[in-house]
Amino acid sequence: MEENLDITLRPVKISFTASCIKIADLNCGKYRVPYKGIVLACLCVCDGESDVGYESEITDITGDMDGELILYDAGRRRIRIKTDLAGKTAGAFFLELAIRAPYILLGGQPWLCMEEEADYAQAGEMVRVMRQECW
């Protein structure tokens with residue numbers, strides 16, 4: 001994935017509305033992420049021994065997990081949300097997102113490489129089909 005498509009936010013406040021995530025960022029001000037634009041959401045957590053980050057699979061995610069909330073949107077952007085100032089763990093925010101936007105891919109997917117254009121297109125198509133089924 002191209003470097004200029006990455007956005008890193010360090011919010012002091014995150015709120016989940018009916019249609020989007022509202023973020024009050026330390027440096028960028030206010031930011032909105034509409035649910036309908038999200039393709040994949042996962043947590044990047046550090047391996048305690050090697051200090052290497054990895055994307056946790058859905059079955060491994062708990063509400064008390066620290067790390068970063070990672071969102072991939074339909075515009076091929078990766079939005080990294082560092083949650084250390086927001087008052088809750090990344091896992092707690094992930095679980096709230098899963099309730100608000102259940103029609104996105106959730107958790108790291110071992111078969112999916114979001115840097116590959118074909119994989120990104122396939123993930124986007126899967127989400128589009130899920131949304132049609134839900135609505």
Side-chain angles (χ1 to χ4, degrees):
M1 184 171 290
E2 295 179 25
E3 194 65 32
N4 63 348
L5 296 179
D6 279 359
I7 297 168
T8 301
L9 300 172
R10 191 165 180 220
V12 291
K13 183 178 179 184
I14 300 174
S15 59
F16 293 83
T17 70
S19 62
C20 69
I21 305 169
K22 290 184 177 180
I23 299 169
D25 184 68
L26 186 62
N27 299 313
C28 300
K30 294 183 179 180
Y31 201 86
R32 291 171 39 109
V33 181
Y35 302 136
K36 67 182 178 182
I38 300 172
V39 173
L40 171 78
C42 59
L43 287 188
C44 183
V45 297
C46 274
D47 176 351
E49 295 176 13
S50 65
D51 238 9
V52 173
Y54 66 94
E55 294 180 354
S56 295
E57 291 185 36
I58 186 79
T59 55
D60 297 330
I61 295 173
T62 64
D64 62 348
M65 288 180 81
D66 283 325
E68 297 177 352
L69 179 61
I70 308 292
L71 307 175
Y72 292 91
D73 74 6
R76 294 201 53 157
R77 287 181 296 194
R78 177 175 45 204
I79 303 166
R80 296 180 157 279
I81 302 172
K82 300 178 181 233
T83 61
D84 59 323
L85 300 178
K88 291 184 185 176
T89 64
F93 288 121
F94 178 88
L95 295 175
E96 187 157 356
L97 177 62
I99 291 167
R100 298 283 186 161
Y103 45 78
I104 63 176
L105 294 175
L106 293 165
Q109 309 287 325
W111 58 271
L112 179 62
C113 178
M114 293 301 272
E115 285 80 22
E116 296 293 328
E117 190 170 339
D119 284 2
Y120 211 102
Q122 183 177 11
E125 179 62 15
M126 290 172 66
V127 168
R128 187 188 66 74
V129 168
M130 285 189 286
R131 286 189 179 124
Q132 283 181 334
E133 296 296 321
C134 290
W135 307 108

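- In this structure, Ile104 and Leu97 have side chains that are in contact, with non-hydrogen atoms separated by less than 4.5 Å.
- Remark: of the listed residues Asp84, Leu26, Ile81, Leu85, Ile81 is the sole one forming a side chain to side chain contact (heavy atoms under 4.5 Å, CB included) with Pro11.
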All N/O donor-acceptor pairs, side-chain side in residues 88-96, below 3.5 Å, sequence neighbours left out:
from  : atom 1 : to    : atom 2 : distance (Å)
Thr89 : OG1    : Gly63 : O      : 2.5
Thr89 : OG1    : Ala92 : N      : 3.1

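- In this structure, Leu71 and Arg77 have side chains that are not in contact, with every pair of non-hydrogen atoms separated by 4.5 Å or more.
- Other residues, nucleotides and ligands contribute only 12 or fewer heavy atoms inside 6.0 Å of the CD atom of Glu117.
- Looking at every heavy atom in both residues, Met65 comes nearest to Asp60 through SD-O, 3.3 Å.
- Two residues are said to be in side-chain contact when any heavy atoms from C-beta on lie closer than 4.5 Å; Arg10 and Asp25 meet this criterion.
- Closest heavy-atom contact between Arg76 and Glu115: NH2-O, 3.6 Å.
- Under the 4.5 Å side-chain criterion, counting only non-hydrogen atoms from C-beta, Arg78 is in contact with Arg80.
- Each of Ile21 and Val12 belongs to its own hydrophobic cluster when Ile, Leu, Val, Met, Phe, Trp and Tyr are linked at side-chain heavy-atom distances under 4.5 angstrom.
- Considering all non-hydrogen atoms of both residues, Tyr103 and Val127 come closest at O-CG1, 3.5 Å.
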Cut-off 3.5 Å, no hydrogens considered: what does the side-chain donor-acceptor table look like for residues 27-46, sequence neighbours left out?
from  : atom 1 : to    : atom 2 : distance (Å)
Tyr35 : OH     : Thr17 : N      : 3.4
Tyr35 : OH     : Thr17 : O      : 2.8
Tyr35 : OH     : Cys20 : O      : 3.1

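- The distance from the CG atom of Leu112 to the CG atom of Asp119 is 5.0 Å, given to the nearest 0.5 Å.
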